[in-house]
Amino acid sequence: MAIKISRDELNERSAAILDSVSAGGERIEIEREGRVVAVRGPPPAPPGITGRELIVRLDGLRMPSDGFADDIVAARAALLPVESPAWPD
């Protein structure tokens, strides 16, 4: 749920309002004459995971053997068509 404030209140309390957004993830709707004219909130989370998270998730997993790349090539050759299908006439 968003907190609604007036433009004047935003001007008077901007530092406290920005602290609320950054610390608590609050979403703020700024109104002018009873109409919402802007919305402020925390930035969206970046897609995917961070490098640090990846390292944590991979910790303890076995690394692929030397023949792993050859296995992928063989599997791909077995699963994909050898030739592209001809266009219908």
Side-chain angles (χ1 to χ4, degrees):
M1 183 165 122
I3 297 171
K4 294 187 179 195
I5 62 169
S6 68
R7 182 184 59 155
D8 293 335
E9 186 178 1
L10 174 63
N11 288 338
E12 293 170 8
R13 300 186 31 223
S14 62
I17 290 167
L18 290 176
D19 288 343
S20 174
V21 168
S22 64
E26 294 284 347
R27 180 184 151 136
I28 309 292
E29 292 181 354
I30 303 159
E31 296 181 337
R32 180 188 290 165
E33 298 173 4
R35 265 189 45 226
V36 175
V37 295
V39 177
R40 294 288 180 244
I49 62 173
T50 65
R52 184 167 303 197
E53 289 175 287
L54 180 61
I55 290 169
V56 169
R57 290 182 186 189
L58 294 178
D59 187 39
L61 295 179
R62 287 183 334 151
M63 293 303 292
S65 65
D66 290 338
F68 180 71
D70 295 331
D71 293 341
I72 296 296
V73 170
R76 190 166 185 236
L79 295 173
L80 296 177
V82 176
E83 296 179 16
S84 299
W87 286 95
D89 291 332

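From a predicted model like this one, the values you see are computed outputs, not experimental measurements. Just so you know, residue 1 is the first one in the sequence shown, and it goes up from there.
At most 12 non-hydrogen atoms from other residues, nucleotides or ligands lie less than 6.0 angstrom from CD of E33. Surrounding CG of D66 are at most 12 heavy atoms belonging to other residues, nucleotides or ligands under 6.0 Å away.
Connectivity analysis of hydrophobic side chains (ILVMFWY, heavy atoms under 4.5 Å, direct or indirect) links V56 to nothing; its cluster partners are none. Taking Ile, Leu, Val, Met, Phe, Trp and Tyr as hydrophobic and joining them when side-chain heavy atoms fall under 4.5 Å apart, one finds L54 in a cluster with I49, L58, L61.
The distance from the CZ atom of R27 to the NZ atom of K4 is 9.5 Å, given to the nearest 0.5 Å. Rounding to the nearest 0.5 Å gives a distance of 12.0 Å between CD1 of I28 and OG of S14. If you take CZ on R76 and CG on D71, they are separated by 15.0 Å, rounding to the nearest 0.5 Å.
In this view, E12 satisfies the salt bridge (Lys or Arg N to Asp or Glu O under 4.0 Å) rule with no residue, not counting sequence neighbours.
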